[in-house]
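Labels below follow one simple rule: chain letters A, B, ... track the order of the sequence lines, proteins then strands, and each chain is numbered from 1. What you see is a predicted model; the values in this text were computed from it and never measured.
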4 protein chains.
Amino acid sequence: MTEVGGIAGDVLRSYIDRIERLEEEKAGIAANIREIFAEAKGNGFDTKVMRQILKIRKMEPHDVAEQDELLELYKRALGMPLG
Amino acid sequence: MTEVGGIAGDVLRSYIDRIERLEEEKAGIAANIREIFAEAKGNGFDTKVMRQILKIRKMEPHDVAEQDELLELYKRALGMPLG
Amino acid sequence: MTEVGGIAGDVLRSYIDRIERLEEEKAGIAANIREIFAEAKGNGFDTKVMRQILKIRKMEPHDVAEQDELLELYKRALGMPLG
Amino acid sequence: MTEVGGIAGDVLRSYIDRIERLEEEKAGIAANIREIFAEAKGNGFDTKVMRQILKIRKMEPHDVAEQDELLELYKRALGMPLG
DNA sequence: CCAAGCTACGGCCATC
DNA sequence: GATGGCCGTAGCTTGG
């Protein structure tokens with residue numbers, strides 16, 4: 001056993017290692033993304049605009065539901081608080 | 001002097017105290033806001049809708065500038081990257 | 001109460017206005033806090049450490065000790081230097 | 001190059017697609033990390049302390065020591081207990 | 001007890 | 001090369 005003060009050291013170590021491994025992967029992917037932005041910039045694209053496009057495309061699924069909410073919202077706000 | 005290890009203790013204490021004071025004020029105001037929501041809820045208003053209204057009203061000033069950006073954005077995205 | 005198109009709209013508006021006012025105050029105070037950090041930084045203080053200090057002062061002494069102990073314990077369990 | 005309505009749009013689309021793909025991967029990994037924390041928590045580990053451990057392991061030992069010293073120094077300057 | 005909104009922190013990028 | 005601003009992400013608090 002690798003118990004230290006009532007803590008299973010090897011279990012803890014396993015969690016930590018797995019998380020660190022995944023964080024490295026994540027960092028690697030983030031680096032890839034940065035690379036693509038750099039390449040695009042080198043080819044004359046405006047990265048700021050690209051980021052806006054990405055943001056909009058990410059939002060759109062939500063908006064399907066959200067548009068309905070807003071319609072409802074305005075009906076309520078103008079008349080009565082409760083629907 | 002209240003120098004400790006080369007640090008002006010009284011100056012540091014002053015900064016810390018001022019920040020803590022302001023944070024208390026801030027917390028107090030946050031509490032007031034919560035109170036108003038609670039009161040509104042007690043009078044039959046839907047707090048979720050209220051929050052949405054507040055969000056929209058906060059966004060609108062930005063949108064004045066942002067609408068133009070988006071128009072430009074889509075022009076670029078569909079045609080050429082550089083304006 | 002809950003009359004259509006009448007009083008309730010005004011009540012709602014009142015709540016919204018009061019909340020917006022308080023949110024402005026809150027934002028102003030947050031700005032003041034940032035200012036103080038900036039000033040402190042300009043005078044050679046480490047703002048990151050200042051934030052740690054503020055956090056510790058906000059915690060119960062008992063909890064501070066407990067967190068420290070747990071951290072030591074985990075470090076030992078992982079064979080890390082105890083600092 | 002920079003032709004209107006032609007090739008460049010496709011190039012942009014390609015960049016956008018590649019980035020979106022990578023962002024999805026990244027999100028997936030983040031989900032995995034959250035899962036591990038959840039599992040660890042389920043087994044009685046304190047995730048907050050685990051995060052501290054991860055942060056410390058990511059820092060240079062020298063910086064860790066420096067931060068600690070500075071914290072001690074500020075505490076002494078303020079007359080706080082040294083923990 | 002779970003989900004969501006808000007706040008705060010850290011990292012990235014552009015600027016000087 | 002360093003600094004400051006900006007954005008995205010993560011943690012905490014609060015409401016349901």
statement: Rounded to whole Å, the CG-P distance (B:Asn32 to F:dT14) equals 14 Å
query: Separation of D:Lys26 atom NZ from F:dG8 atom P, in whole Å?
result: 10 Å
query: Taking for each residue the nucleotide of DNA chain F bearing the nearest heavy atom, is the 5' side occupied by B:Arg51 or by D:Phe37?
result: D:Phe37
Atom-pair distance (CG on A:Leu22; P on F:dA10), nearest Å: 13 Å
message: Quiz question: by atom type and distance under 3.5 Å, do the side chains of C:Asn43 and B:Tyr15 form a donor-acceptor pair?
response: yes
- prompt: Atom CE of A:Met50 and atom C1' of F:dC6: how far apart are they, to the nearest Å?
  reply: 18 Å
task: Answer yes when A:Glu24 and D:Lys58 have at least one side-chain N-carboxylate O distance shorter than 4.0 Å, and no when they do not.
output: no
query: Base, sugar-phosphate, or nothing: which does B:Lys41 touch, judged by heavy atoms less than 4.0 Å apart?
result: sugar-phosphate
- request: Side-chain contact test, heavy atoms from C-beta onward, threshold under 4.5 Å: evaluate it for B:Asp46 versus B:Lys41 and give yes or no.
  value: no
- request: Please report, rounded to the nearest Å, how far the C1' atom of F:dG15 is from the CD atom of B:Gln52.
  value: 15 Å
task: May I ask you to say whether A:Glu39 pairs ionically with D:Arg18, meaning some side-chain N is under 4.0 Å from a carboxylate O?
output: yes
task: Starting from C1' on F:dT13, measure out to CD1 on B:Ile29 and report it in whole angstrom.
output: 18 Å
message: How many whole angstroms separate atom CE of A:Met59 from atom P of F:dG8?
response: 12 Å
message: Measuring only between side-chain heavy atoms, which start at C-beta, is C:Lys75 closer than 4.5 Å to D:Ile56?
response: yes
query: With sugar-phosphate meaning primed atoms plus P, OP1 and OP2, does C:Lys48 contact a base, only sugar-phosphate, or nothing at under 4.0 Å between heavy atoms?
result: sugar-phosphate
query: Under 4.0 angstrom, heavy atoms only, what part of the nucleic acid is A:Lys55 near: base, sugar-phosphate, or nothing?
result: sugar-phosphate
- request: Round to the nearest Å and state the distance from D:Ile19 atom CD1 to F:dG8 atom C1'.
  value: 15 Å
task: Identify, between B:Arg34 and A:Lys58, the residue whose nearest nucleotide on DNA chain F lies closer to the 5' end.
output: A:Lys58
- prompt: Between A:Thr47 and B:Glu23, which has a closest nucleotide on DNA chain E that is more 5'?
  reply: B:Glu23
